[in-house]
Amino acid sequence: MAHAPYLEEAATERPPTDGRGWPARISAALVPVVAIPAALLVVAEIAVLLAGIIGRYLFHSPIVWSDELAGILFLWLAMLGSVIALQRGEHMRMTAFVGMVGPGARAFLDVVAVAASFAFLVLVIQPAYDFAVDEVYVTTPALGIVNSWRAAALPVGIAFMLVVAVLRLMSVASLRRVVVALALVAMIIGVLALLAPVLTPLGNFNLLIFFVFLVGAMVFAAVPIAFAFGLATVGYLTLTTSTPEVVIIGRMDEGMSHLILLSVPLFVFLGLLIEMTGMAKAMVGFLASLLGHVRGGLHYVLVGAMYLVSGISGSKAADMAAIAPVLFPEMKQRGAKPGDLVALLAATGAQTETIPPSLVLITIGAVTGVSIAALFTGGLLPGIVLAIMLCFVVWWRYRGEDLSHVRPATKREIGRAFVIAIPAIALPFVIRAAVVQGVATATEVSTIGIVYSIAAGLLIYRQFPWRRLYPMLVETAALSGAILLIIGAATGMAWALTQSGFSVSLAKFMTGLPGGVPTFLAVTIVAFVILGSVLEGIPAIVLFGPLLFPIARQVGVHEVHYAMVVVLAMGMGLFAPPFGVGYYAACAISRIHPDEGMRPIIGYMLALLVGTLIVAAIPWISIGFLT
């Protein structure tokens, strides 16, 4: 099972009575009410973006409203997908520590997880409604409609999630356990509210209370990551500042509505299509014929594949979604452990953060004035250095793998597998060529891959079971919603840190460091590993880039070299559990429980750290090819 449902243990404690059956029936009736519109929204997004490509490239008549309409539909897709994920219990959460306690305590903490999620939803539904109402005064430039049509997705989605949370709580057999869990959450919130006059004068010490201690406690107690981030941010802003609650919703909206993130659901769907049409089987068959007899062979393929496709979509989650469904089934059949697979997938996400065209590098150039062309050139070799380090760990772990039952493929078999796989192998090149030639933007390019995959499935591989389309569309919406809600909550937290003045304090601290360049780079690595674990890459860069890059120049660090160190360190934090958002995105995409990757990822993270230190110590790796 990929994600443990919140109330699994509690629900199986004893059979529910007849009086408790109606919440489950209502919940089941609610599924199609949300799932069908969500599936249609995925189809609509594909159609709108494809129409934009056709109009602009083939008919030289751009559809000016296509991106705007796609953005409106996208927020609805994200929120309805979040509802589906909550219905399925598929919002990412950390259960490694909860798993160490007894069954009774574990079942109680599962109920607490839902109660905490419920509390967050209760606290933000009114601000979400107010935010949507305020947007009535904003008119979209191309379509000329009030922006409330888009913003209404937030209160509607939150309202649906509230209903789902209530139904999940009511489905638990032990009413006493539910009451105690709700009382515990209410008591903690009440105590913090009573302490508000004491907390306000504490200043930035509140950052430790809310964003370290409170978030840490919730994460370790298996509260879903998105709701833990959101609840801590709401608590910090409402109890220690005068910021209106509606601002929190605005920041979440901003984080979830970035148009480049639209590639996430489309690449998720593309990955499912590749598997369904037989393209994945053909591609893996060819790769296996080349490396199947090598110990850990397909693990090397995963590292290389992430390097090649990285940056196409501008989103690491989308990159992982394009690769994992292709390789993981065959790797599992060959005996690879799921935990090692998700650990390596997350590690490759961090490894490829510097590969162009990287949205993080573009953001660095935009906010610091560093040449984007120089950043793109400088980002290639650092990714290779980290790939080599990851491959070393793969070699070490699989050096004793028993391949006596595997024979090397003959040249004839390799050639035949290659011919069969040509349409599948061509897909990454088609996607990259579409971006390079200007046929499609990074957001749109996934639609070309979808059309290509459908054509290949229907005309070449003759494998296209239509009955699987609807479940795949719903799966796409649920997975995307789980990922995007985390990103939205993390963006809200990033904004709260900005308002606290923490970024200025950090800059002053780093300016006064003794020891010159080595100390400055070492502290940079530590700082951005920590920041990367709680912030999305772009908010962190926007927050700290303008402050720290001038300091780097003052101490004698080349700005492109410094950019590579920052991005790699931040990538490590982003993909390192227990706080790294990227790690949970990798788990969601691969449908592997986060607990399983905890131990295996340690070795990969150490390899990434060594690689980052090498890049930091040898500036030539980053700037050697700059003219």
Side-chain angles (χ1 to χ4, degrees), residues 38 41 45 67-83 85-86 91 117 120-143 145-162 224-234 236-238 241 243-265 314-315 317 359 363 443 477 480-499 535-540 542-543 581:
L41 283 170
E45 291 286 18
D67 282 352
E68 191 172 285
L69 178 59
I72 294 172
L73 299 178
F74 180 52
L75 187 59
W76 280 95
L77 172 59
M79 293 307 298
L80 293 182
S82 298
V83 177
L86 189 61
H91 278 286
S117 304
F120 169 71
L121 295 169
V122 169
L123 290 172
V124 298
I125 188 168
Q126 182 62 45
Y129 174 79
D130 293 339
F131 177 78
V133 170
D134 291 343
E135 291 295 295
V136 76
Y137 300 106
V138 179
T139 302
T140 61
L143 293 173
I145 61 175
V146 294
N147 203 42
S148 291
W149 285 104
R150 187 190 67 85
L154 292 161
V156 171
I158 291 170
F160 270 119
M161 282 191 276
L162 264 175
I225 304 298
F227 297 103
F229 284 179
L231 200 53
T233 303
V234 170
Y236 171 76
L237 291 177
T238 56
T241 73
T243 304
E245 292 180 345
V246 72
V247 175
I248 303 171
I249 301 299
R251 300 288 75 77
M252 290 183 62
D253 174 36
E254 179 184 340
M256 297 172 67
S257 299
H258 203 295
L259 194 60
I260 197 68
L261 292 174
L262 181 53
S263 58
V264 173
S315 166
L359 194 62
T363 304
T443 303
S480 303
I483 294 170
L484 292 167
L485 191 63
I486 291 177
I487 293 175
T491 303
M493 185 185 293
W495 184 84
L497 286 172
T498 304
Q499 301 308 302
L535 300 176
E536 271 291 293
I538 291 175
V542 172
L543 181 59
V581 174

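Computed from heavy atoms alone, side chains included, the values below leave out hydrogens, waters and symmetry copies.
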Does any part of the side chain of [Y], heavy atoms only, come nearer than 4.5 Å to the side chain of [X], both counted from C-beta?
X    : Y    : answer
L154 : L75  : yes
L123 : L231 : yes
V146 : E135 : no
I72  : L143 : yes
T243 : W495 : yes
F227 : L121 : yes
M79  : M256 : yes
F74  : P265 : yes

[X] versus [Y], closest heavy-atom pair with distance:
X    : Y    : value
V83  : G157 : CG2-O, 3.5 Å
H91  : G481 : CE1-O, 4.4 Å
A496 : T233 : CB-CG2, 4.2 Å
M161 : L485 : SD-CD2, 4.5 Å
A482 : A85  : CB-CB, 4.1 Å
S148 : V133 : OG-O, 4.2 Å

Taken in chain and number order and not counting sequence neighbours, the residues that satisfy side-chain hydrogen bond (donor to acceptor under 3.5 Å, both in side chains) with T140 are E68
Go through the structure and list residues passing side-chain hydrogen bond (donor to acceptor under 3.5 Å, both in side chains) with D130, not counting sequence neighbours. Q126
To the nearest 0.5 Å, tell me how far [X] [atom1] sits from [Y] [atom2].
X    : Y    : atom1 : atom2 : result
I145 : L69  : CD1   : CG    : 8.0 Å
F229 : F120 : CZ    : CZ    : 12.0 Å
S480 : L80  : OG    : CG    : 12.0 Å

Examine the side chains of R150 and S257 and answer whether a donor and an acceptor come within less than 3.5 Å of each other. yes
With side chain to side chain contact (heavy atoms under 4.5 Å, CB included) as the test, pick out the partner of F131 among I248, I249, V124, V247. I249
